[in-house]
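Working notes for the structure below.
Letters A, B, ... are given to chains in the order of the sequence lines, protein chains preceding strands, and every chain is numbered from 1.
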2 protein chains.
Amino acid sequence: MGNDRKPSRAASLEFAAGEEVREPAQMKNYLGYAIRRAQMRAYESFYNALRDLETTPSRFTLMLLMRENPGIRSVDLARKLGVARSGMVRLIDDLEGRGLIVREVVKADRRNQALALTTEGRRYLRQLERAVGRHESALTDKLTAKERAQLIKLLWRVGT
Amino acid sequence: MGNDRKPSRAASLEFAAGEEVREPAQMKNYLGYAIRRAQMRAYESFYNALRDLETTPSRFTLMLLMRENPGIRSVDLARKLGVARSGMVRLIDDLEGRGLIVREVVKADRRNQALALTTEGRRYLRQLERAVGRHESALTDKLTAKERAQLIKLLWRVGT
DNA sequence: TATTGTTATACTCTATAACTATA
DNA sequence: TATAGTTATAGAGTATAACAATA
């Protein structure tokens, strides 16, 4: 961004800098801001629950998709997650380096690699799922089951 | 936590064709995943509406808070946004370099700086608000006003 | 020519730690 | 000693572009 613009005249700053931060009323009505705050809480909760399991939401999602679609290609995972092909390589390198997945060249089209979980990967993923279950419970502890379902339903109508 | 990064328009075009990826049923029931997807949509929409205005959700929020709290200190903004003090410096440098805000040493305690919008900053912020209004409408075009309000209410019960 | 996986590179955001000047 | 702002640095994530192998 261009940072060479000339500054305007200063506003008067007679105000004492208190610790309370007033929030403009409109901010409570921005859906984007509400989503952002909720995601911050969700990430915090995720990492609290999975602190010792050395993973991230992306890695967890990736492993779920590989279990459901054994033999899936990297390019299809990238498309599903909305990231570039090059970004997948690091993630897949990481999971393979930990013995959680394998990649295998596809005979029919040697440009492709089939990805799948190892036995250890499946065991590890079950462990992740238990922790994610705890995280999800903590995240929604202020909501009834009905409200939680309603929230998820509305979010999906925004997110797709 | 939240990253202000441009969504990959090119990536989704690049991977236009591909095989179908089965999604595990449980993924539809994870609130964390629903929030993540909704945020991806929200970011995409934000950047579509504010493409030419050289800003980010963080910068926009920062400016709203400065207008509402003229003379606010950097440390209080950092706390409010949940980022480290050091992270604020770059953002404030950027806004100041563009003539949108001023920082002024506080006489009573010379460790503090009072932050406030310039006249140009206030004009620019009004321009941002109009664009954000369009973005918010686009984001919720599938929801009724009642559903939108319900969604925001539920998100705030998760996000605080 | 087009596609898949890869490498190289760069940029943004974020965090930690150390420094400075104040208090 | 403690605090506000700053600087230095490192790491994660993601983008683009170019490349080799393959189709």
Please verify the inter-ring angle class for B/Trp156 with A/Tyr33; under 30° counts as parallel, over 60° as perpendicular, anything in between as tilted.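 Ring orientation, 0 to 90° scale: tilted.
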For A/Leu95 and A/Met66, which heavy atoms make the closest approach, and how far apart are they?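 Here A/Leu95 and A/Met66 meet closest at CD1-CE, 4.2 Å.
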Closest heavy-atom pair and its distance - B/Met88, B/Ala78: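 Looking at all heavy atoms of both residues, the closest pair is CG-CB, 3.4 Å.
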Partners passing ring pair (Phe, Tyr, Trp, His ring centres under 6.0 Å) against A/Tyr124 (at least two apart in sequence or in another chain):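 Residues passing ring pair (Phe, Tyr, Trp, His ring centres under 6.0 Å) with A/Tyr124: none at all.
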Could you tell me the separation between the [atom1] atom of [X] and the [atom2] atom of [N], rounded to a whole number of Å?
| X | N | atom1 | atom2 | answer |
| --- | --- | --- | --- | --- |
| B/Arg85 | C/dT14 | CZ | P | 16 Å |
| B/Met88 | C/dC13 | CE | C1' | 13 Å |
| B/Leu91 | C/dT14 | CG | P | 7 Å |
| A/Ile92 | C/dT6 | CD1 | C1' | 11 Å |
| A/Ile72 | C/dG5 | CD1 | C1' | 15 Å |

Residues from residues 96-114 of chain A lying under 4.0 Å of DNA chain C - heavy atoms: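 Only A/Arg103, A/Arg111, A/Asn112, A/Gln113 qualify.
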Go through D/dA4, C/dA15, C/dT4 for me and flag the one nearest to the B/Val83 side chain.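 Minimum distance to the B/Val83 side chain belongs to C/dA15.
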Base of C/dT16, side chain of B/Ser86 - is there a donor-acceptor contact under 3.5 Å?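 Flag set: donor-acceptor pair detected.
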Quick one: is A/Arg90 getting a side-chain N or O under 4.0 Å of the D/dG13 phosphate, OP1 or OP2?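 Looking at the OP1 and OP2 atoms of D/dG13, neither is under 4.0 Å from any side-chain N or O of A/Arg90.
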Tell me yes or no: between the side chains of A/Thr55 and A/Arg98, is some donor less than 3.5 Å from an acceptor?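 The answer is no; no qualifying pair exists.
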Would you mind listing every ring pair (Phe, Tyr, Trp, His ring centres under 6.0 Å) that reaches into residues 93-114 of chain B, with sequence neighbours excluded?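 Checked against ring pair (Phe, Tyr, Trp, His ring centres under 6.0 Å) - neighbours excluded - no pair reaches residues 93-114 of chain B.
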